[in-house]
Amino acid sequence: MYDRYIPDWKTNNLELRRAVEIPEAGLREARVQCRKRLIDYVNQTTGIGMEADVLTIGFARRAAVYKRAALLFSDIERLRRISTHIGRIQLVYSGKAHPRNQQGKDTIQQIFQAIRKLDPDLKVAYLANYDMEIGAILTAGVDVWLNTPEPSMEASGTSGMKAALNGVPSLSVLDGWWVEGHVEGITGWSIGEGEDRSRDAASLYEKLEEVVVPLFL
């Protein structure tokens with residue numbers, strides 16, 4: 001879409017301001033194609049049976065403890081209720097831990113434990129062998145990009161930038177690039193309240209329950 005409507009975007013990033021001129025119908029069709037590509041890939045590699053019309057949330061990055069990949073699973077029953085009573089959601093995760101990072105490996109194990117507990121009420125896929133190709137499919141194909149780092153540990157957060165370039169809003173803690181990229185309800189939604197990090201999980205559930213899921217529906 002950029003090549004068609006903003007041919008100089010690769011050499012002059014200021015040209016990306018013209019993205020607002022791209023016809024909405026074309027953007028919607030591009031999003032449909034990207035989502036289908038992701039859902040087909042997930043189903044072919046995992047056999048989980050995800051659906052193209054269900055709100056799909058993505059999280060994929062290096063499995064480091066400060067990124068808090070398991071924050072969404074802090075309250076399994078509340079997450080289950082959101083999907084069964086507010087509106088169906090499905091989750092796609094990916095990411096590797098450094099071979100010597102046991103805490104990172106433990107985080108991945110926590111996610112797999114949550115996957116088993118949520119089945120069959122909420123489908124969660126964890127894509128193996130995370131690489132640039134999987135990252136590209138994910139950041140283009142999901143409906144919402146999730147980012148939950150421990151402030152102020154996130155230096156940048158390039159996965160969220162990639163998602164934004166693909167027209168995907170972020171649901172993110174205000175840290176890294178999101179401090180500048182966040183416009184509530186426009187580029188996505190913020191998680192957390194000031195310096196009280198103990199409410200980050202509750203804030204995440206509230207945004208899903210009250211804003212993101214109803215808006216998708």
Participant: Is Y41 close to T46 at the side-chain level, that is, under 4.5 Å between some pair of heavy atoms?
Facilitator: no
Participant: Mark yes or no for whether T107, through its side chain, and Q103, through its backbone, hold a donor-acceptor pair below 3.5 Å.
Facilitator: yes
Participant: With rounding to the nearest 0.5 Å, note down the distance linking OH in Y130 to CZ in R62.
Facilitator: 10.5 Å
Participant: Do we see a donor-acceptor contact under 3.5 Å between the side chains of T148 and R68?
Facilitator: no
Participant: Walk me through it: do R199 and E206 pass the test side-chain contact (heavy atoms from CB on, under 4.5 Å)?
Facilitator: CA-CA 10 Å; R199 289 210 74 254; E206 288 164 8; 2.7 Å; yes
Participant: CG of N166 to OH of Y2: how many Å apart, nearest 0.5 Å?
Facilitator: 7.0 Å
Participant: For residues I134 and L165: do they belong to one hydrophobic cluster (side chain heavy atoms under 4.5 Å, members Ile, Leu, Val, Met, Phe, Trp, Tyr)?
Facilitator: no
Participant: Would you say L91 and L146 make side-chain contact, with heavy atoms under 4.5 Å?
Facilitator: no
Participant: How many angstroms lie between OG in S190 and NZ in K207, if you round to the nearest 0.5 Å?
Facilitator: 3.5 Å
Participant: For a side-chain contact (heavy atoms from CB on, under 4.5 Å) check, start with the C-alpha distance between L138 and S94, then their side-chain angles and the critical distance, and finish with the verdict.
Facilitator: CA-CA 9 Å; L138 268 167; S94 193; 4.0 Å; yes
Participant: Less than 4.0 Å between a side-chain N and a carboxylate O, is that true for R88 and E51?
Facilitator: yes
Participant: Is the closest side-chain heavy-atom distance between V144 and L55 below 4.5 Å?
Facilitator: yes
Participant: Considering only NZ, NE, NH1 and NH2 on the basic side and carboxylate oxygens on the acidic side, decide whether E24 and R28 come within less than 4.0 Å.
Facilitator: yes
Participant: Cluster question for you: counting only ILVMFWY and a side-chain heavy-atom cut-off of under 4.5 Å, with indirect links fine, are L27 and I6 together?
Facilitator: yes
Participant: Okay, side chain of N101, backbone of G104: is any donor-acceptor separation there less than 3.5 Å?
Facilitator: yes
Participant: Is it the case that the side chains of W145 and T139 hold a donor-acceptor pair, with the cut-off being a distance below 3.5 Å and no angle test?
Facilitator: no
Participant: Quick one: CZ on R35 to CG on D40, what's the gap to the nearest 0.5 Å?
Facilitator: 12.5 Å
Participant: Check this for me: does any side-chain nitrogen of one of R81 and E209 sit under 4.0 Å from a carboxylate oxygen of the other?
Facilitator: no
Participant: Does some side-chain heavy atom of D200 sit less than 4.5 Å from a side-chain heavy atom of E150?
Facilitator: no
Participant: Would you confirm whether S170, through its side chain, and S172, through its main-chain N or O, come within 3.5 Å as a donor-acceptor pair?
Facilitator: no
Participant: Report the residue from D143, I57, T56 that forms a side chain to side chain contact (heavy atoms under 4.5 Å, CB included) with Q90.
Facilitator: T56
Participant: Measuring from D175:CG to I191:CD1, what's the distance to the nearest 0.5 Å?
Facilitator: 11.5 Å
Participant: Give a yes or no answer on whether the side chain of R31 reaches the backbone of A140 with a donor-acceptor pair at less than 3.5 Å.
Facilitator: yes
Participant: Evaluate side-chain contact (heavy atoms from CB on, under 4.5 Å) for W177 paired with V179, printing each intermediate quantity in order.
Facilitator: CA-CA 5 Å; W177 87 281; V179 174; over 6 Å; no
Participant: Output the distance between atom CD1 (I82) and atom CG (D75), rounded to the nearest 0.5 Å.
Facilitator: 8.5 Å
Participant: Counting only heavy atoms not in N129, do more than 12 fall under 6.0 Å of its CG?
Facilitator: no
Participant: Give a yes or no on whether the ring-centroid distance for F112 and Y93 is below 6.0 angstrom.
Facilitator: no
Participant: Among the clusters formed by ILVMFWY side chains lying less than 4.5 Å apart, do V124 and V213 turn up in the same one?
Facilitator: yes
Participant: Donor-acceptor check, side chain of S83 to backbone of R80, threshold 3.5 angstrom: yes or no?
Facilitator: no
Participant: Are F59 and V142 packed together at the side-chain level, in the sense that at least one heavy-atom pair is separated by less than 4.5 angstrom?
Facilitator: no
Participant: Verify side-chain contact (heavy atoms from CB on, under 4.5 Å) between D106 and V65, making sure each step is shown before the conclusion.
Facilitator: CA-CA 9 Å; D106 292 344; V65 173; over 6 Å; no
Participant: When you look at NZ of K117, are more than 12 heavy atoms from neighbouring residues, nucleotides or ligands closer to it than 6.0 Å?
Facilitator: no
Participant: What about I89 and W189, same hydrophobic cluster or not, with Ile/Leu/Val/Met/Phe/Trp/Tyr joined at side-chain heavy-atom distances under 4.5 Å?
Facilitator: yes
Participant: Any side-chain donor paired with an acceptor under 3.5 Å for H182 and E180?
Facilitator: no
Participant: Check whether F216 and L204 end up in the same hydrophobic cluster, where Ile, Leu, Val, Met, Phe, Trp and Tyr are linked by side-chain heavy atoms less than 4.5 Å apart.
Facilitator: yes
Participant: Give the C-alpha distance, both sets of side-chain angles, the deciding distance and a yes or no for side-chain hydrogen bond (donor to acceptor under 3.5 Å, both in side chains) between Q109 and Q113.
Facilitator: CA-CA 6 Å; Q109 286 298 319; Q113 291 169 11; 5.1 Å; no
Participant: Is the shortest side-chain heavy-atom distance between P7 and E15 below 4.5 Å?
Facilitator: no
Participant: Decide yes or no for V92 and Y126: does some side-chain heavy atom of the first lie under 4.5 Å from some side-chain heavy atom of the second?
Facilitator: no
